[in-house]
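Here is the structure we will look at, set down as structure tokens.
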Number of protein chains: 2
Amino acid sequence: MHKTLIDITNAATILKLLGDKTRLTMVKILDSHDCCVCEFVEIFKTSQPAISQHLRKLKDLGIVKETRRGQWIIYSLNKESEYYPLVQNILQHLPSQDFKLQELEKQGLRISCE
Amino acid sequence: MHKTLIDITNAATILKLLGDKTRLTMVKILDSHDCCVCEFVEIFKTSQPAISQHLRKLKDLGIVKETRRGQWIIYSLNKESEYYPLVQNILQHLPSQDFKLQELEKQGLRISCE
DNA sequence: TTATTATATAAGTGAATCGTTATATAAATT
DNA sequence: AATTTATATAACGATTCACTTATATAATAA
């Protein structure tokens with residue numbers, strides 16, 4: 001099986017970053033659906049700056065990328081990242097978090113960014 | 001492929017624990033060789049309490065286990081851990097750290113615990 | 001039994017981390 | 001042009017974390 005070896009210092013940095021429940025859940029959600037900031041704000045019931053700061057860290061390491069769509073900024077997993085294989089491997093061990101998006105849809109909050 | 005799903009809160013805890021260069025390197029080394037505390041002290045060139053504290057955290061989560069052998073306590077990976085498959089998966093992405101043990105042997109320091 | 005060696009624990013300190021509030025920027029709407 | 005909506009950044013406080021020094025425990029050797 002192909003495995004890109006990752007320098008242990010960089011690997012520790014990535015794992016530390018993913019070692020936060022909010023960020024780990026974000027990444028798991030992004031694994032199946034792109035999302036904008038406002039959706040995460042609803043999902044995690046925390047402040048918008050807190051969400052932006054988490055996304056910034058993920059973006060700084062190249063784990064996620066952003067695309068502007070009008071006034072919204074859509075985040076997605078960066079599949080070109082050298083860390084993507086590791087991230088994918090980790091995510092396989094986690095249960096789907098899609099129910100969080102489904103709750104949003106029930107409340108009609110997901111549509112806001114589409 | 002069998003994957004044991006890990007609750008996302010526990011997964012974040014595990015990843016945070018592995019998100020430290022010293023602990024991650026320890027676990028990678030333990031993946032191929034059992035080690036005692038004094039070896040880690042030499043390898044990481046840090047204090048004995050610092051090493052003991054790292055091992056304590058890994059032990060508390062069940063990632064490593066210990067066996068006393070005379071005055072030494074030998075640490076090894078706990079392959080029965082529910083987190084072992086995840087840990088294994090992560091370690092596959094890391095380059096071998098055996099060279100650190102080999103350096104010890106050159107200095108005749110590894111033999112001390114055998 | 002005393003000293004030595006290996007390891008663990010406790011307490012304290014400085015740095016890193018995460019959330020908050022306040023403010024800035026940028027696009028869309030009026 | 002002014003307002004609103006979405007997002008980012010800055011500054012600060014509380015908590016967490018990893019290390020240090022000092023001390024405790026436990027096995028071995030003298």
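In what follows, chains are A, B, ... by sequence order, proteins preceding strands, each numbered from 1.
- Listed by chain and residue number, A:E66, A:R68, A:Y75 satisfy the side chain to side chain contact (heavy atoms under 4.5 Å, CB included) test with A:I73 (two or more places apart in sequence, or in another chain).
- The two residues B:L77 and B:Q88 come nearest to each other via the heavy atoms CD1-NE2, 4.4 Å.
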For this session: In sequence, state the C-alpha distance, the side-chain angles, and the governing distance for A:V27 and A:D31, and then conclude on side-chain contact (heavy atoms from CB on, under 4.5 Å).
Result: CA-CA 6 Å; A:V27 171; A:D31 193 32; 5.8 Å; no

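- B:Y75 comes within 4.0 angstrom of sugar-phosphate atoms only, judged by non-hydrogen atoms across all strands, and of no base.
- Applying the side chain to side chain contact (heavy atoms under 4.5 Å, CB included) criterion to A:T67, with sequence neighbours excluded, gives no partner residue.
- The phosphate of C:dT20 (OP1 or OP2) has a side-chain N or O of A:T46 nearer than 4.0 angstrom.
- Nucleotide C:dC18 holds its P atom 21 Å from the NZ atom of A:K45, rounded to whole Å.
- When every heavy atom of A:D34 is checked against every heavy atom of A:S76, the shortest pair comes out as OD1-CB, 3.2 Å.
- Phosphate contact (OP1/OP2 of D:dC17, side-chain N/O of A:K16, threshold under 4.0 Å): absent.
- Between its opening and closing five pairs, the helix from C:dT1-D:dA30 to C:dT30-D:dA1 changes axis direction by 10°, a value rounded to 10 degrees.
- Residues passing the side chain to side chain donor-acceptor pair (under 3.5 Å) test with B:T22: none are found, sequence neighbours excluded.
- Judged as a side chain to side chain donor-acceptor pair (under 3.5 Å), and not counting sequence neighbours, B:N78 has no contacts.
- In this structure, B:F40 places its CZ atom 16 Å from C1' of C:dA8, rounding to the nearest Å.
- B:S96 is linked by a side chain to side chain contact (heavy atoms under 4.5 Å, CB included) to B:D98, counting only residues two or more places apart in sequence or in another chain.
- Contacts between residues 20-32 of chain A and DNA chain D, defined by a heavy-atom separation under 4.0 Å, are absent.
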For this session: Apply side-chain contact (heavy atoms from CB on, under 4.5 Å) to the pair B:Y83 and A:H93, showing each step before the final yes or no.
Result: CA-CA 9 Å; B:Y83 307 128; A:H93 292 266; over 6 Å; no

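- Projected onto DNA chain D by closest heavy-atom contact, B:Q53 and A:I73 fall at different nucleotides, the more 5' of which corresponds to A:I73.
- Residues A:S81 and A:P85 approach most closely at O-CD, 3.9 Å, considering heavy atoms.
- The stretch residues 80-94 of chain B participates, sequence neighbours left out, in these salt bridge (Lys or Arg N to Asp or Glu O under 4.0 Å) pairs: B:K65-B:E80.
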For this session: Let me have a per-nucleotide readout for nucleotides 25-30 of chain D, 5' to 3', with B, S or -, counting only protein heavy atoms under 4.0 Å.
Result: --SS--

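- One interatomic measurement links the two molecules: CH2 of B:W72 to P of C:dT5, which rounds to 12 Å at whole-angstrom precision.
- In the region residues 54-62 of chain A, proximity to DNA chain C at under 4.0 angstrom, judged on heavy atoms, holds for A:H54, A:K57.
- Counting distance only, with no hydrogens placed and no angle test, the side-chain atoms of A:Q48 and the base atoms of C:dT20 include no donor-acceptor pair under 3.5 Å.
- Within the 4.0 Å cut-off from OP1 or OP2 of D:dT20, at least one side-chain nitrogen or oxygen of B:S47 is found.
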In a table with atom names and distances, give each donor-acceptor pair under 3.5 Å that connects a side chain of residues 49-61 of chain B to protein atoms at least two apart or in another chain.
residue	atom	partner	partner atom	Å
B:S52	OG	B:Q48	NE2	3.1
B:H54	ND1	B:R23	NH1	3.1

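- Atom pair B:E42:CD and C:dT5:C1' shows a separation of 14 Å (rounding to whole Å applied).
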Under 3.5 Å, which donor-acceptor pairs link side chains of residues 8-17 of chain A to any protein atom two or more places apart or in another chain?
residue	atom	partner	partner atom	Å
A:T9	OG1	B:K21	NZ	3.0
A:T13	OG1	A:T9	O	3.0

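- Considering all non-hydrogen atoms of both residues, A:C35 and A:L101 come closest at SG-CD2, 4.0 Å.
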